[in-house]
Amino acid sequence: MATRRITQETFDAVVKENIDEFEMDPDEALNEAVQQFESQGVDLCNIVKAVPTAATDETKDEQTHEVLQALDALQSSASSSCAGGHLERFTEQCKKGFAQRHLAAQKDAYPIILSCCERAGEDREALLAALSALAALTDGQPDLLDAAGRDFLLGVLGAWRGDAAVTCACARAVRHFCLKHEQNRQDLAKAGVLGLLTDAVARLGGNVDVVREACAALRVMTFDDDVRVPFGLAHDHAKIIVEHGGLKVLMEAARAHPNNTGVLSELCGTLSRLAVRNEFCQDIVELGGLKFMMTLLADSLDHQELVKQVLGALRAIAGNDDVKDAIVKAGGTELIVMAMNRHMSNPQVCEQGCAAMSVLALRKPNNCQVIMDTGGALAALQAMKAHPGDANVQRQSCMLLRNLVARTETFSQPILEMGAEALIRRVLAAHRDCGDVGRAALRDLGCPVELRELWTGKKGSLTN
């Protein structure tokens, strides 16, 4: 795996050398530079793979990349009436890829764009253009946020709460700043962003774009994806969202868009991130969430992404034992199996389906009987066959099989007759991180299995 990095200047110098010294045409020079560095194990993900060009005929000797040309033009006209056009040009360049955004950030694009945001004031069009540029620049670069940027975003969400377009642009920027950045999440949460985003959905829930962007931002606030910190406050953030009435707000927004599968996917995905407590799961049911999900799943079996999100939401709320029984009683297991069979080629649907049934089966023999009767075990084994290389599918399938037989040994033989043992042993051979759950499934199925001893107590004893 490539781990070495170079600067944009080094890459551009090699391209220029290929053109000037070896008389290659620009495309050939560029391809040769890419191949040269990749053969040396250099990671070029942050390099703009393009030949620098002149901005105008008068500056032929000053060649640079288009994103930097756009940034220079913006900086030169930041205080003029034509800044909006330059902001749009810069935004389009940032959307081309991470390398363009990374290069712009290295050349101090963030303070320039933030200055444009602050100067926009009450000018709605200028503010929209500046916010769009800010969101585009910070996609994948959350470290750029500073205290001034945080205060600005919070101020916009509060002052423009009735404007859908401004709210969308601001929520998108918040999401980019918070993805994989725990400190930004905590700072923004302390400053009140969770209440502002929830309020945005409540006020503008009829607007598709607002619901999508605000839900996506709220969901990111419940992530624990920053490898630089030992643990985050995802659970606390979910609790704050619920305290702001988030569950009711999301359910009302879902009912406002009954036929929009994209919005419904976002809402189900967000609900699943909020079901972090026993009482929250019950609250979702009492708000009509379970009935809504059952109807949605039955009516939308052909919509793969929506099916995946609904299965994830069912998995989440089934953490409550009473809700487990309610899901099974409402015919949830039949619908889950139907969804898996309909989308057996999709590993994420298979993973979520097996995971949902695994939770429904946990400590619930009666539910296990229903899962067996509706073909849940067979669907899990089919998923294992369909996705042998997907560790998540294999893990969730093994967990489901184990939960089915843990308290009902009579299911072991039927499951073994379906070919479970050979499939589980294949998992153990192919996926080391599935070892514990795979061996536990074999053990509970009554198959011979070698359990590893992690410590034997050799070389001395606890007492002399």
Side-chain angles (χ1 to χ4, degrees), residues 46 66-68 70-71 74-75 78 83-121 123-161 163-181 183-185 187-189 191 193-194 196-197 200-201 204 207-221 223 225 262 266 270:
N46 62 333
E66 290 184 42
V67 66
L68 297 184
L71 182 62
L74 176 61
Q75 190 171 17
H86 294 306
L87 278 168
E88 292 176 3
R89 180 188 173 197
F90 176 78
T91 301
E92 290 304 313
Q93 286 297 315
C94 285
K95 289 180 178 179
K96 287 186 174 181
F98 176 76
Q100 282 79 1
R101 299 192 290 273
H102 178 74
L103 179 59
Q106 286 186 315
K107 302 302 180 181
D108 295 326
Y110 174 74
I112 295 171
I113 300 300
L114 183 60
S115 177
C116 290
C117 290
E118 293 171 338
R119 276 200 298 269
D123 187 334
R124 180 178 181 274
E125 296 306 315
L127 179 61
L128 274 174
L131 278 172
S132 296
L134 183 66
L137 172 66
T138 55
D139 187 4
Q141 302 190 103
D143 287 329
L144 294 176
L145 183 65
D146 58 10
R150 183 175 67 246
D151 293 342
F152 171 76
L153 291 172
L154 292 166
V156 170
L157 282 174
W160 294 81
R161 62 181 59 191
D163 191 299
V166 173
T167 299
C168 281
C170 199
R172 189 179 305 118
V174 169
R175 172 165 56 88
H176 289 167
F177 279 126
C178 291
L179 188 63
K180 296 185 179 180
H181 203 296
Q183 192 58 56
N184 285 351
R185 284 194 286 258
D187 290 343
L188 283 163
V193 76
L194 299 176
L196 290 169
L197 290 171
V201 180
L204 304 168
N207 185 286
V208 169
D209 294 329
V210 170
V211 175
R212 279 183 169 175
E213 290 293 346
C215 283
L218 285 170
R219 193 163 62 253
V220 167
M221 295 298 291
F223 286 0
D225 56 0
E266 290 286 349
T270 307

Undergrad: Which atom pair, heavy atoms only, marks the closest approach of Thr91 to Ala136?
TA: CG2-CB, 3.8 Å
Undergrad: Mind checking the SG-CG spacing from Cys170 to Leu196? Nearest 0.5 Å is all I need.
TA: 9.0 Å
Undergrad: Locate the shortest heavy-atom distance separating Val166 from Leu127; write the atom from each residue and the value.
TA: CG1-CD2, 4.0 Å
Undergrad: Does a side-chain heavy-atom distance below 4.5 Å link Asp108 with Leu71?
TA: no
Undergrad: Once you round to the nearest 0.5 Å, how far does SG of Cys178 lie from CE of Met221?
TA: 4.5 Å
Undergrad: From Gln183 CD over to Asp143 CG, what is the distance, rounded to the nearest 0.5 angstrom?
TA: 11.0 Å
Undergrad: Would Gln141 and Phe98 satisfy side-chain contact (heavy atoms from CB on, under 4.5 Å), going step by step from the backbone distance to the final call?
TA: CA-CA 9 Å; Gln141 302 190 103; Phe98 176 76; 3.7 Å; yes
Undergrad: Ignoring hydrogens and angles, tell me if any N or O in the side chain of Asn46 forms a donor-acceptor pair with the backbone of His102 under 3.5 Å.
TA: no
Undergrad: Between CG of Leu68 and CD of Gln75, what distance do you get to the nearest 0.5 Å?
TA: 11.0 Å
Undergrad: For Ala171 versus Ala217, what's the shortest heavy-atom pair and its separation?
TA: O-CB, 3.8 Å
Undergrad: Backbone N or O of Cys94 within a donor-acceptor pair of the Arg101 side chain at under 3.5 Å?
TA: yes
Undergrad: Would Gln100 and Gln93 satisfy side chain to side chain donor-acceptor pair (under 3.5 Å), going step by step from the backbone distance to the final call?
TA: CA-CA 7 Å; Gln100 282 79 1; Gln93 286 297 315; 5.5 Å; no
Undergrad: May I have the list of side-chain donor-acceptor pairs in residues 145-152 shorter than 3.5 Å, sequence neighbours left out?
TA:
from	atom 1	to	atom 2	distance (Å)
Asp146	OD1	Tyr110	OH	2.8
Asp146	OD1	Ala148	N	3.4
Asp146	OD1	Gly149	N	2.8

Undergrad: What distance do Arg212 atom CZ and Asn207 atom CG have between them, rounded to the nearest 0.5 Å?
TA: 10.5 Å
Undergrad: May I ask you to say whether Arg172 pairs ionically with Asp209, meaning some side-chain N is under 4.0 Å from a carboxylate O?
TA: no
Undergrad: Quick one: do His181 and Leu144 satisfy side-chain contact (heavy atoms from CB on, under 4.5 Å)? Show the steps, please.
TA: CA-CA 11 Å; His181 203 296; Leu144 294 176; over 6 Å; no
Undergrad: Taking all atoms of both residues into account, what is the closest heavy-atom pair of Leu128 and Ala169, and its distance?
TA: CD2-CB, 4.4 Å
Undergrad: Working note: Leu153 + Leu131, criterion side-chain contact (heavy atoms from CB on, under 4.5 Å); need CA distance, chi angles, decisive distance, verdict.
TA: CA-CA 9 Å; Leu153 291 172; Leu131 278 172; 4.2 Å; yes
Undergrad: Which atom pair, heavy atoms only, marks the closest approach of Pro142 to Phe177?
TA: CB-O, 3.2 Å
Undergrad: How about Ile113 and Leu87: do any of their side-chain heavy atoms sit closer than 4.5 Å?
TA: yes
Undergrad: Please examine the side chains of Val211 and Glu266, heavy atoms only from C-beta on, and report whether any two atoms are closer than 4.5 Å.
TA: no
Undergrad: For Lys96 and Val67: C-alpha separation, side-chain torsions, deciding distance, then whether side-chain contact (heavy atoms from CB on, under 4.5 Å) applies.
TA: CA-CA 9 Å; Lys96 287 186 174 181; Val67 66; over 6 Å; no
